[in-house]
Amino acid sequence: MVIFRLGFGTNMKYVVILIFMLFVFEGMGQVIFHHDVYDARKQEEWSAFQKYAIPPDSEEIKDDSFDRFKSVYIIKEYRVKSTKEVLEEYYDNKLKPEGWKKEITEKGIVYTRGDLRIKIYIKIPKVTVRVLYTGEDKDI
């Protein structure tokens with residue numbers, strides 16, 4: 001780095017490294033101090049997935065879900081026996097009365113409620129469903 005060639009000593013290296021580490025770990029501090037909030041968020045995502053996202057009469061064939069510090073990304077693929085029309089009607093009947101708003105995209109159907117999104121991609125005989133937290137951390 002140019003800073004070190006200008007005659008700054010070894011102590012300056014440690015200061016630069018310390019500043020860098022503070023920037024990196026600032027986000028981690030939030031996770032550590034507010035782990036209960038993030039754990040509750042993850043539980044809310046899993047609950048929404050279990051209650052709304054799993055297609056009827058299906059078999060799970062793939063799980064690409066992963067956990068992050070502040071949320072979880074639930075991504076699963078199912079083999080279904082229903083038609084696209086039957087599945088669309090099923091999700092409408094299940095989600096709309098519960099306050100979920102529907103949006104049709106090029107790739108599939110998206111339902112949103114509050115800070116959660118359920119994305120459904122139907123390619124018979126497979127359906128991929130995703131549940132994501134889309135809100136901000138607000139005052140955390």
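Values below: every heavy atom of this structure, side chains too, minus hydrogens, waters and symmetry copies. Quick caveat: nothing in here was measured; it's all calculated off a predicted structure.
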Contacts of Thr83 meeting side-chain hydrogen bond (donor to acceptor under 3.5 Å, both in side chains) (sequence neighbours excluded), chain-then-number -> none

Does atom CD of Glu98 have more than 12 heavy-atom neighbours from other groups under 6.0 Å away?
-> yes

### Message
Could you check whether any side-chain N or O of Lys94 sits under 3.5 Å from a backbone N or O of Lys51, counting only pairs where one atom can act as donor and the other as acceptor?
### Response
yes

Residues Lys76 and Phe49: closest non-hydrogen pair is CD-CZ, 3.5 Å

Legend entry - Verdict with supporting geometry, Thr134 and Thr112, side-chain contact (heavy atoms from CB on, under 4.5 Å): CA-CA 9 Å; Thr134 58; Thr112 56; over 6 Å; no

Taken to the nearest 0.5 Å, the spacing of Leu87 CG from Lys81 NZ works out to 13.0 Å

Output for pair (Ile109 CD1, Tyr91 OH), nearest 0.5 Å, gives 8.5 Å

Check whether Ile124 and Ile61 end up in the same hydrophobic cluster, where Ile, Leu, Val, Met, Phe, Trp and Tyr are linked by side-chain heavy atoms less than 4.5 Å apart.
-> no

Besides Phe66, the hydrophobic cluster formed by Ile, Leu, Val, Met, Phe, Trp and Tyr side chains linked at under 4.5 Å, directly or via other members, contains Tyr73, Ile75, Leu132

Side chain to side chain contact (heavy atoms under 4.5 Å, CB included) filter on Asp92, not counting sequence neighbours, yields Lys96, Lys102, Tyr111

One should read off an interatomic distance between Lys84 NZ and Ile122 CD1, to the nearest 0.5 angstrom, of 6.5 Å

The reported gap from CD in Glu103 to CZ in Arg117 (rounded to nearest 0.5 angstrom) is 5.5 Å

